[in-house]
Participant: 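My questions will all concern the structure given below.
Just so it is clear: chains get the letters A, B, ... in the order the sequence lines come, proteins before strands, and each one is counted from 1.
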There are 2 protein chains.
Amino acid sequence: MSNDANAMRRRNDGARRTQSGRIDAGPLTGYLGYALRRAQLAAYADFISSLNEVAISPGEFGVLTIIHQNPGLRPADVCTALGILKPNFVALLTSLERRDLVERRDSQSDRRAYALHLTASGRALLQRARTLQAEHEARLEKKIGARGRTELLRLLNKLADAS
Amino acid sequence: MSNDANAMRRRNDGARRTQSGRIDAGPLTGYLGYALRRAQLAAYADFISSLNEVAISPGEFGVLTIIHQNPGLRPADVCTALGILKPNFVALLTSLERRDLVERRDSQSDRRAYALHLTASGRALLQRARTLQAEHEARLEKKIGARGRTELLRLLNKLADAS
DNA sequence: TATTGTTATACTCTATAACTATA
DNA sequence: TATAGTTATAGAGTATAACAATA
């Protein structure tokens, strides 16, 4: 009898589930980490397609924004602010400089360091990127409402900040 | 005069900002995408350290969970459910099988496919992993409250679902 | 001694093309 | 023809060690 039960269970090998199309995610959908990952992937995908015209990644957008907000910032400071490791920032910065969006000026106060500034075309591109970002943001807000967005931002920042 | 202004601006090259320690993130903190990424990284870091004892990554936890919930599932179904690409699932599954957590049985209904099942030790490990996950979840909930967690889950799932 | 920018390197994730054996 | 599992491969993203110049 136990043998029959095992045999039946063994025969239920998932082929039928494929046709039915429904797979039970179990408790997964109730976990914050899983929900955060899915929402973040969806948001990033929308961001990337939204900013396709300016060909700026989320990371590059962050770098341009923070340099625009703090002209003269050094690479090490950008890395600290955005959680980028210094070795990984070199290629990113070089790419932005090659595209004539960012400029490395010599620092007056520390001959080891650079002072980062947006170029004129860097500022122009950032302005356009911000417009596209606002459209992206509006698309997300449409899904959860203005109040939902405010509440979501509050909760996310609480999660991210401090231990 | 314009020259003097430019010279002064150029001298403000960021060295002072380093000592002050404060860097203006600008509008970044008000963007959903930025907040989502920071929260997700924080949550994943906590998850990984929480499940250090069982040495299970978030992705592996999802795979074990979904196989446990749908015994006999085929790899292709797991991939569809979790958004994993089939070629990337091969190594992940092989690793779980080498650790004797998952078993690939031959499918009765389709000789191309496998029927995936947790082994006894796979089930035992998943049980322990769930306990650790619950502790992790509680740690996150402590930051935003029980009601905050419920609301956050609701908003995140709304963001992730459908267009 | 410590820090800045850098190179080299490696490991994980993710993505695409193409093969084989079945369906 | 299409699909399941697989291989090979390539590209991002992220991580550490170590170096020269400078503080």
Participant: Would you tell me if any nitrogen or oxygen in the side chain of A:Arg74 comes within less than 4.0 Å of OP1 or OP2 on C:dG5?
Facilitator: no
Participant: The side chain of A:Arg111 lies closest to which of these nucleotides: D:dT22, C:dA8, C:dA23?
Facilitator: D:dT22
Participant: Atom CZ in A:Arg37, atom CG in A:Leu32: separation rounded to 0.5 Å?
Facilitator: 15.0 Å
Participant: Among the candidates C:dT7, C:dG5, D:dT7, find the nucleotide nearest to the side-chain atoms of B:Pro87.
Facilitator: D:dT7
Participant: Does the distance from a Lys or Arg side-chain N to an Asp or Glu carboxylate O, for B:Asp46 and B:Arg139, drop under 4.0 Å?
Facilitator: yes
Participant: Measure the distance from NZ on A:Lys86 to P on C:dA2 and round it to the nearest whole Å.
Facilitator: 14 Å
Participant: For B:Leu73 and D:dA4, what is the distance between atoms CG and P respectively, to the nearest whole Å?
Facilitator: 12 Å
Participant: Check every strand shown and say whether B:Pro75 touches a base, only sugar-phosphate, or nothing at a heavy-atom separation below 4.0 Å.
Facilitator: sugar-phosphate
Participant: Indicate whether any N or O donor in one side chain lies under 3.5 Å from an N or O acceptor in the other, for B:Thr94 and B:Arg99.
Facilitator: no
Participant: Report the distance from atom OH of A:Tyr114 to atom C1' of D:dA21, rounded to the nearest whole Å.
Facilitator: 11 Å
Participant: Counting heavy atoms from C-beta on, name the nucleotide in C:dG5, D:dA4, C:dA17 closest to the side chain of B:Asp110.
Facilitator: D:dA4
Participant: What is the distance, to the nearest angstrom, from the CG atom on A:Leu85 to the C1' atom on C:dT9?
Facilitator: 14 Å
Participant: Does A:Leu93 reach the side chain of A:Leu116, with side-chain heavy atoms less than 4.5 Å apart?
Facilitator: yes
Participant: Using the ring centroid of each side chain, check whether B:Phe47 and B:Phe61 are separated by less than 6.0 Å.
Facilitator: yes
Participant: Tell me the interatomic distance from B:Arg105, atom CZ, to D:dA4, atom P, rounded to whole angstroms.
Facilitator: 21 Å
Participant: Report the distance from atom CG of A:Asp106 to atom P of D:dA21, rounded to the nearest whole Å.
Facilitator: 16 Å
Participant: From CG of B:Leu92 over to P of C:dT14, roughly how many Å is that when rounded to an integer?
Facilitator: 10 Å
Participant: When you match A:Val90 and B:Ser57 each to their closest nucleotide on DNA chain C, which lands nearer the 5' end?
Facilitator: A:Val90
Participant: If you only use heavy atoms from C-beta on, which nucleotide in C:dA15, D:dT14, C:dT4 is closest to the side chain of B:Asn88?
Facilitator: C:dA15
Participant: Among residues 33-48 of chain B, which contact DNA chain C at a heavy-atom distance under 4.0 Å?
Facilitator: none
Participant: Walk me through it: do A:Arg154 and B:Ile144 pass the test side-chain contact (heavy atoms from CB on, under 4.5 Å)?
Facilitator: CA-CA 9 Å; A:Arg154 188 183 71 82; B:Ile144 55 177; over 6 Å; no
Participant: Would you say D:dG5 has OP1 or OP2 under 4.0 Å from some side-chain N or O of B:Arg112?
Facilitator: no
Participant: Closer than 4.0 angstrom, basic N to acidic O: yes or no for A:Lys143 and B:Asp161?
Facilitator: no
Participant: Could you tell me how far apart A:Leu93 (CG) and C:dG5 (P) are, to the nearest whole angstrom?
Facilitator: 9 Å
